[in-house]
Amino acid sequence: MLLRRNVTTFTNRRRGRKFSEAAVLQMLFFMLGVIFVLYISLMLVIAINTNSFHTPLQGPANTIFGISNVRESQSELDLKIPSNSKINENQFIQESADIQLKENTDQSKRNVIINEISSHTTLKAYIEPIDQNSWDIRPLPNRTHKAKDLKVLSFPKVSFCSRLTEQWPVDNYPEEDPFLPWIHDVFPTNDGKFIQFIAQNRRRCDTGTNDKDRKTIMWRQPQLSLFQHVPLQRLENGRYKLSSHEKADPDGKESRFICRFKPGGEETLSRFNFNYDYVSFRKRHKATFTKIGKWDVKSLHTSQLLFQCPVPEHLQEKIRDGSSVVNDIATLFVDIVPVRTPPRYGSPNSFLPPRYSEFVNKTAELDILEQWGDHVLPKIEDSGRWENIPICKPSIMTYGKEHDSLKRRENKSHRLISCVWASSGYSTRGERFGIHDGHRRLREWLHYVFLTGFDHVYVYDNSGGNSNKTSLKVVTDDFKGKVTRLVWPSKVCNNNRNFADSPGERSSQYAAESSCRLRFGPHAEWIGQFDVDEYLAPMGDYATVPKLLDQLDKEGKKIISFGSWRAWPRKQLIEEPIPINNRSICESTRTCFQLKVPENNTMLQTYNCDRQNGLKKDKMPAEKQLYRSDYVKLHFVHYSTVTNLTLMNKQETIDFGQEWRIGIHADPLSRFGNEQTEGTMLHTKAIATQDTAGWLEVCKKGSQSLCRIGNPYPKGAEDVAEATDKENW
């Protein structure tokens with residue numbers, strides 16, 4: 001509260017002094033402030049001593065002090081409470097207002113801003129009822145729900161910017177309103193001009209043929225709508241209406257969300273990182289989505305929803321330089337309000353923006369007047385939405401202090417980085433087995449990639465998605481200045497095997513990959529997309545990977561792929577197998593054993609027997625890539641799914657110097673690496689105890705079964721059909 005000085009005074013006859021009423025009030029408020037700080041300090045001490053944090057306060061103070069219902073160890077979560085975090089809440093609000101307002105702003109405006117900040121600091125989801133039956137009505141009727149009809153969910157745990165990836169409620173998605181994007185990460189671009197959102201397509205999580213999954217698939221149809229643009233036109237009353245591309249506002253021709261920035265209330269219209277329907281058209285898909293949804297999981301580019309909110313011009317500098325964040329707490333926020341229309345099924349080129357108008361399927365073109373008529377969107381207060389999303393500092397300021405002294409060509413900090421989603425332990429697909437060698441594998445892999453020329457590695461630590469007991473911090477701390485660790489505890493929504501009725505969807509991994517590429521890719525020339533069990537070995541004249549990149553730059557290539565096939569461990573380098581005759585352990589009547597690699601051998605040494613003779617790309621189940629960060633617009637684990645070339649129209653392609661073809665499958669600026677003269681990939685995938693059932697028998701000479709324990713061929717005898725050691729392995 002701001003106090004005006006009152007000139008009325010009274011006389012303290014005992015001391016013969018005069019005091020103003022304002023001075024007395026200030027003293028009282030100061031005493032109350034001291035009591036408030038002492039109370040909060042006591043609560044924090046109690047919480048820390050009990051190793052948990054509970055919420056003794058409600059409302060803004062809850063977020064100010066970062067107190068949330070988290071029962072996790074301080075050391076594991078890297079909790080960093082600012083040294084001056086025990087500030088008075090009113091003081092914090094006034095400091096926030098100072099950032100927002102110029103010195104000459106009048107008092108009434110300042111009070112409005114203060115009230116806005118104090119009432120808009122808790123992340124909320126406003127749930128709007130959905131009636132899918134109304135989708136069949138033409139034209140689409142206006143929605144009639146009011147603010148009182150919306151259910152509100154609060155997420156007070158989202159507080160400190162440095163812990164945003166850890167605190168975001170990914171695993172507490174409000175399932176009642178699938179029009180709300182399933183956000184995994186949000187951050188400003190480094191120039192402060194856009195707020196980038198990383199979301200996943202939740203409909204892909206459950207795609208089985210059983211009744212429960214079928215109902216879920218139908219309920220989650222709104223998730224598909226979020227990938228498809230709608231043109232928007234502003235009305236004089238501040239509302240919006242659905243329109244044609246011709247009548248839409250210039251910034252509303254290809255949108256899906258209304259973005260409202262707080263505390264000022266300015267509104268902008270979202271834009272996609274790329275047009276999903278046009279990508280489907282270039283890939284020759286018959287549809288971007290299908291109503292039944294069973295085969296949509298095969299469309300890799302529709303797994304991740306990437307979109308941006310343009311930042312009002314007068315806020316861009318504050319966001320770019322990080323001054324809008326005080327004591328690790330945001331003072332600027334953004335609401336995102338989805339435009340709610342039914343998904344479009346059928347030809348992906350039935351409704352394309354002006355950039356791609358030449359490819360619109362005229363026989364299946366969307367009739368705007370018939371579909372939408374004069375559809376006016378409701379007021380924001382009457383609409384379902386995500387509200388109070390904190391706007392934090394650009395990624396390089398939050399995580400990249402080690403980059404400050406590094407400047408390379410192209411204004412990039414690094415020549416080559418790697419993004420890796422890793423965990424101290426995990427369950428194999430199908431939740432069949434648990435693997436717990438994450439610490440050792442990450443440490444060995446990091447040593448290796450730095451030896452082969454990588455500048456920096458960003459580790460998205462998913463240990464919290466499997467257990468709260470451990471993390472990878474003990475490993476990453478040993479690589480100061482070379483490794484940046486982000487706590488990323490979101491769970492995989494479906495860990496089924498690929499051939500299951502509802503195939504696996506590793507949502508957490510896919511979102512982490514896009515987060516890393518969009519957060520840190522702008523500061524690197526090349527990205528290597530590998531797992532911690534995958535080793536790219538330079539071959540021929542190349543001793544390091546950057547030397548190979550120099551050659552690719554000369555060729556004008558933007559992507560290079562390497563065949564990846566699981567390598568087998570060498571018998572001589574593993575510990576002597578100890579037979580286990582226990583059906584509950586082996587999950588088989590046959591004998592199994594625990595395959596162990598001695599500490600004096602590395603994973604790379606041990607798992608280096610290729611299971612085939614010849615080049616892997618001739619018979620290859622997967623590939624891994626190095627790619628230019630400014631060329632690839634979407635990368636999906638193994639593949640550069642969307643590139644700059646994918647998004648070009650015919651004339652743009654010709655101007656780029658490439659031959660125009662509607663169908664684009666293999667990007668002409670990509671190629672495979674030569675495994676003998678450039679580099680080869682070794683996939684040292686861990687082997688679970690249950691997987692070894694029967695190996696002690698089938699790996700002996702004379703067995704006709706496939707043995708997955710390796711023996712190197714004797715020199716000069718590579719063409720021999722079978723080679724054994726002294727023990728007949």
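Sequential numbering from 1 along the given sequence is applied to the chain's residues. What's counted below: heavy atoms across the whole structure, side chains too, no hydrogens, waters or symmetry copies. What you see is a predicted model, and the numbers here were worked out from it, not measured in a lab.
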Check: Between Y458 and H456, how do the two ring planes meet: parallel, tilted or perpendicular, split at 30° and 60°?
Finding: tilted

Margin query: Is there a ring pair (Phe, Tyr, Trp, His ring centres under 6.0 Å) between F562 and F672? Walk through the geometry before answering.
Written below: CA-CA 6 Å; F562 299 91; F672 271 93; 8.4 Å; no

Notebook entry, point to check: With side chains defined as the heavy atoms from C-beta onward, is the minimum distance between I662 and W660 less than 4.5 Å?
Noted result: yes

Notebook entry, point to check: Got a donor-acceptor contact below 3.5 angstrom from the N674 side chain to the T677 backbone?
Noted result: yes

Margin query: Any side-chain to backbone donor/acceptor pair from E254 onto R271? Under 3.5 Å, distance only.
Written below: no

Check: Quick one: does S514's side chain have a donor or acceptor within less than 3.5 Å of a partner on A511's backbone?
Finding: no

Margin query: Test side chain to side chain contact (heavy atoms under 4.5 Å, CB included) on E358 and N649; report intermediate values, then the result.
Written below: CA-CA 9 Å; E358 62 184 303; N649 60 30; 4.0 Å; yes

Next item on the list: Just do the side chain to side chain donor-acceptor pair (under 3.5 Å) check on E505 and S303 with the steps written out, would you?
Entry: CA-CA 9 Å; E505 177 75 1; S303 171; 3.0 Å; yes

Item checked: W526 versus S629, side-chain donor and acceptor atoms under 3.5 Å -> no

Check: Does the pair Y276 and F274 meet the rule for a ring pair (Phe, Tyr, Trp, His ring centres under 6.0 Å), with working shown?
Finding: CA-CA 6 Å; Y276 287 88; F274 55 85; 4.4 Å; yes

Note to self: With a 3.5 Å distance limit and no angle check, can you tell me whether K193 reaches the backbone of R320 through a side-chain donor-acceptor pair?
What the structure shows: no

Notebook entry, point to check: Salt bridge check: are D277 and R282 linked by an N-O gap of less than 4.0 Å?
Noted result: no

Next item on the list: May I ask you to check whether over 12 heavy atoms, not counting those of Q676, lie within 6.0 Å of atom CD?
Entry: no

Next item on the list: Check step by step if side chain to side chain donor-acceptor pair (under 3.5 Å) holds for Y631 and D667.
Entry: CA-CA 11 Å; Y631 184 73; D667 192 292; 2.9 Å; yes

Check: Is the closest side-chain heavy-atom distance between L486 and V459 below 4.5 Å?
Finding: no

Check: Is the backbone of V170 close enough, under 3.5 Å, to the side chain of W182 for a donor and an acceptor to pair up by distance?
Finding: yes

Margin query: Quick one about T684 and E534 (side-chain donor to acceptor, distance below 3.5 Å, no hydrogens or angles considered), yes or no?
Written below: no

Notebook entry, point to check: Hey, is E678 close enough to K547 for a salt bridge, meaning N to O under 4.0 Å?
Noted result: no

Next item on the list: Examine R708 relative to W568 and say whether NZ or CZ is less than 6.0 Å from the centre of the six-membered ring and inside a 45° cone about the ring axis.
Entry: no

Check: If you round to the nearest 0.5 Å, how far is CG of L305 from CD1 of I183?
Finding: 9.0 Å

Item checked: Residues, nucleotides or ligands: over 12 heavy atoms within 6.0 Å of I292 CD1 -> no

Check: Rounded to the nearest 0.5 Å, how far apart are OH of Y535 and OG of S564?
Finding: 13.0 Å

Next item on the list: Please round to the nearest 0.5 Å and tell me the distance separating atom CE of M648 and atom CZ of R355.
Entry: 8.0 Å

Next item on the list: May I ask you to decide if V487's main-chain N or O and D461's side chain share a donor-acceptor pair within less than 3.5 Å?
Entry: no

Check: Is the backbone of R202 close enough, under 3.5 Å, to the side chain of Q223 for a donor and an acceptor to pair up by distance?
Finding: yes

Check: What is the distance from atom OG of S255 to atom CZ of F307, rounded to the nearest 0.5 Å?
Finding: 9.5 Å

Check: Does the ring centre of F359 sit less than 6.0 Å away from the ring centre of F281?
Finding: yes

Check: Is there a side chain to side chain contact (heavy atoms under 4.5 Å, CB included) between F636 and L634 once you walk through the steps?
Finding: CA-CA 7 Å; F636 188 90; L634 179 64; 5.5 Å; no

Notebook entry, point to check: Taking the six-membered ring of Y627, is the NZ or CZ of K558 close enough (under 6.0 Å from the centre) and on axis enough (within 45°)?
Noted result: no

Check: Quick one: do the N601 and T606 side chains pair a donor with an acceptor below 3.5 Å?
Finding: no

Next item on the list: Identify whether the distance between the nearest side-chain nitrogen and carboxylate oxygen of D553 and R628 falls below 4.0 Å.
Entry: yes

Note to self: So, taking the atom named CD1 in I319 and the one named OG1 in T189, what distance separates them when rounded to the nearest 0.5 Å?
What the structure shows: 8.5 Å

Checklist line | Ion pair D296/R204, N-O distance below 4.0 Å | finding: no

Item checked: H439 (side chain) donor-acceptor with S471 (main chain) under 3.5 angstrom -> yes

Note to self: Check whether Y460 forms a cation-pi arrangement with R485 (NZ or CZ under 6.0 Å from the six-membered ring centre, at most 45° off the ring normal).
What the structure shows: no

Note to self: Under a plain distance cut-off of 3.5 Å, with no hydrogens placed, do T643 and S640 share a side-chain donor-acceptor pair?
What the structure shows: no

Next item on the list: Might you point out which heavy atoms bring D213 and S502 nearest each other, and give the distance in Å?
Entry: OD2-CB, 3.8 Å

Note to self: Tell me whether S507 contacts the main-chain N or O of C493 through its side chain, where contact means a donor paired with an acceptor under 3.5 Å.
What the structure shows: yes

Item checked: Basic-acidic side-chain contact under 4.0 Å: D691, K685 -> no

Next item on the list: Evaluate the ring pair (Phe, Tyr, Trp, His ring centres under 6.0 Å) criterion for residues F227 and F272: first the C-alpha distance (whole Å), next the side-chain angles of each, then the deciding distance (0.1 Å), finally the verdict.
Entry: CA-CA 8 Å; F227 286 79; F272 291 98; 7.9 Å; no

Margin query: Is the ring pair F450/F479 parallel, tilted or perpendicular, if the boundaries are 30 and 60 degrees?
Written below: tilted

Notebook entry, point to check: In terms of side-chain heavy atoms, does Q625 have a donor or acceptor partner in H635 at a distance below 3.5 Å?
Noted result: yes

Note to self: To the nearest 0.5 Å, what is the distance between CG on L224 and OG1 on T288?
What the structure shows: 10.0 Å

Next item on the list: Applying disulfide (SG to SG under 2.5 Å), name anything that partners C707, two or more places apart in sequence or on another chain.
Entry: C699

Check: N201 and Q304: side-chain donor and acceptor closer than 3.5 Å?
Finding: no

Next item on the list: May I have the step-by-step check of ring pair (Phe, Tyr, Trp, His ring centres under 6.0 Å) for H184 and Y510, ending in yes or no?
Entry: CA-CA 10 Å; H184 282 59; Y510 309 152; 9.9 Å; no

Check: Does anything in residues 508-523 pair up under salt bridge (Lys or Arg N to Asp or Glu O under 4.0 Å), and if so which pairs, sequence neighbours excluded?
Finding: D185-R519

Next item on the list: Output yes when a side-chain donor or acceptor of Q228 lies under 3.5 Å from a complementary backbone atom of S225, and no otherwise.
Entry: no

